[in-house]
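Accompanying notes for the structure given below.
Below, read A as the first sequence line, B as the second, and so on, with proteins coming before strands; counting in each chain starts at 1. Given the structure is predicted, the values throughout are model-derived calculations rather than measurements.
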There are 2 protein chains.
Amino acid sequence: MTSNAKTKAPPETPAYLSRIGEAEAAIRRTADRLTQPRVAVLACLMSLDHAASHFDVAQALVNHHPIDRVTVYRVLEWLVEVGIAHRIAGDDRVWRFMINDPTASIAPHHQHAHFTCNSCGQTFCLDDVPNKLNFRLPSGFKPSTVDLKFRGRCLHCA
Amino acid sequence: MTSNAKTKAPPETPAYLSRIGEAEAAIRRTADRLTQPRVAVLACLMSLDHAASHFDVAQALVNHHPIDRVTVYRVLEWLVEVGIAHRIAGDDRVWRFMINDPTASIAPHHQHAHFTCNSCGQTFCLDDVPNKLNFRLPSGFKPSTVDLKFRGRCLHCA
DNA sequence: TACATCTAACAACTCAGTTGCATCTAGCGC
DNA sequence: GCGCTAGATGCAACTGAGTTGTTAGATGTA
């Protein structure tokens with residue numbers, strides 16, 4: 001990256017680079033292999049406070065860790081499989097991914113809440129869903145998981 | 001439809017046919033045109049107690065009212081636009097549609113709950129979401145709508 | 001270091017949903 | 001009842017997210 005095509009310097013140190021070590025440690029804790037794409041994708045998710053699509057991740061890594069889009073899909077799927085991340089179905093038919101809260105690692109996200117901002121479009125993960133919502137299901141319905149989704153304005157756009 | 005190609009009689013009167021009149025009346029209440037596809041699609045949705053995808057609708061109508069799939073998409077979108085139906089984003093990246101409760105026609109479905117059955121895969125609409133769930137959002141988040149989604153076993157599969 | 005196994009990259013594919021455009025028709029005026 | 005016109009339908013082609021198959025390459029272990 002030279003200066004001939006750009007007039008002002010791009011941000012040369014993306015936030016996710018500082019999470020590389022943390023990501024490596026988390027991947028080592030799984031029984032699976034430590035690879036560059038896994039580290040980069042996980043570090044990227046760790047650096048965000050909101051859910052990211054496969055495209056967001058690939059875009060964030062394109063300068064320092066260019067990764068094939070199929071690999072991004074597979075790594076994200078693997079992160080969900082090993083319990084490091086979870087996926088969120090958006091309104092635009094796009095999966096978004098977010099790191100699980102490590103403090104809730106035993107039964108991650110069986111009770112879940114998300115907030116999607118109508119202004120910036122980002123989805124945030126809200127933990128601490130109470131075990132008993134004051135909602136009465138019709139008789140005959142036996143729920144096993146609950147997903148609570150809010151829409152409105154996030155703290156950045158308020 | 002004669003008996004030469006079939007050995008046993010198919011169900012010749014799909015449930016939606018009995019809703020044709022009701023559907024026509026609802027469409028007349030809008031300012032828009034009364035067309036065969038609109039009537040058929042709306043009658044089909046009216047005959048179901050669960051949410052249907054565009055494919056489900058097209059499939060249900062294929063014998064008596066074969067409709068182009070693009071038209072199904074457009075009619076479903078129109079039904080949402082005029083407030084007769086609403087759409088639900090599923091976990092399989094497929095939109096599903098369901099009639100709005102006419103008794104809640106003023107502010108339809110700003111507070112909404114759905115139940116997706118892990119066994120039969122169908123999505124049901126649960127009305128009567130309380131105005132105040134006992135859930136505290138982090139400060140800075142200003143919600144305008146809530147969508148509560150349960151997963152488990154429905155009353156048919158329990 | 002050699003090897004077996006798992007992973008990444010590439011290409012091609014599937015499928016839900018969209019767009020463009022020509023044709024048709026519901027509803028209105030006459 | 002007839003003709004006109006805005007708006008709806010049907011067809012074909014497209015888009016874009018996500019998946020699958022296969023081969024080459026990287027990883028961890030003996």
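Residues passing the side chain to side chain donor-acceptor pair (under 3.5 Å) test with Asp91(A) are Arg151(A), sequence neighbours excluded. Shown here are the side chain to side chain donor-acceptor pair (under 3.5 Å) partners of Arg38(B), two or more places apart in sequence or in another chain: there are none. Under the side chain to side chain donor-acceptor pair (under 3.5 Å) criterion, Glu24(B) pairs with no residue, sequence neighbours left out. For Arg93(A), the salt bridge (Lys or Arg N to Asp or Glu O under 4.0 Å) criterion is met by no residue, not counting sequence neighbours. Every ring-ring contact (aromatic ring centres under 6.0 Å, His included) that Phe115(A) has, sequence neighbours left out, goes to Phe141(B). Applying the side chain to side chain donor-acceptor pair (under 3.5 Å) rule to Arg153(A) yields no partners; only residues at least two apart in sequence or on another chain are considered.
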If the sugar-phosphate is the primed atoms plus P, OP1 and OP2 and the base is the rest, what is the B/S/- string for nucleotides 2-12 of chain D, using protein heavy atoms under 4.0 Å? ----BBSBBBB
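Listed here is the closest heavy atom pair of Gly90(B) and Ala89(A): O-CB, 3.9 Å.
Each ring pair (Phe, Tyr, Trp, His ring centres under 6.0 Å) pair with one or both residues in residues 13-32 of chain A, not counting sequence neighbours, appears once here: Tyr16(A)-His65(A).
Residue His54(A) has a polar side-chain atom (N or O) positioned under 4.0 Å from OP1 or OP2 of dG18(D).
Projected onto DNA chain C by closest heavy-atom contact, Arg28(B) and Val94(B) fall at different nucleotides, the more 5' of which corresponds to Val94(B).
Taking atom CD1 of residue Ile27(A) and atom C1' of nucleotide dC6(C), one finds them 15 Å apart after rounding to whole Å. As a whole-Å value, the separation of Asp91(A) CG from dA17(D) P is 16 Å. Between the CZ atom of Phe97(B) and the C1' atom of dA16(C) there is a distance of 11 Å, rounded to whole Å. In this structure, CZ of Arg69(A) is placed 13 Å from P of dA12(C), rounded to the nearest angstrom. Atom CD of Glu24(B) is separated from atom P of dA26(C) by 12 Å (rounded to the nearest Å). Separating the CG atom of Leu34(A) from the C1' atom of dT29(D) is a distance of 15 Å, rounded to the nearest angstrom.
Ring geometry for His114(A) versus His86(A): interplanar angle under 30°, hence parallel rather than tilted (30 to 60°).
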Please report, to 0.1 Å, the donor-acceptor pairs under 3.5 Å made by any side chain of residues 39-49 of chain A, with sequence neighbours excluded.
unit_1, atom_1, unit_2, atom_2, d
Ser47(A), OG, Cys44(A), O, 2.7
Asp49(A), OD2, His156(A), NE2, 3.3

Counting only pairs under 3.5 Å, give me each side-chain donor-acceptor contact of residues 74-81 of chain A, with atom names and distances, residues two or more places apart or in other chains.
unit_1, atom_1, unit_2, atom_2, d
Trp78(A), NE1, Asp32(A), OD2, 2.7

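When the C1' atoms of four end pairs are superposed on the next four at each end of the helix from dT1(C)-dA30(D) to dC30(C)-dG1(D), using five pairs per end, the two resulting axes differ in direction by 30°, to 10°.
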What pairs of nitrogen or oxygen atoms, one from the protein and one from nucleotides 28-30 of chain C, lie under 3.5 Å apart?
none

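Between the side chain of Arg93(A) and the base of dG18(D), no donor-acceptor pair of N or O atoms lies under 3.5 Å.
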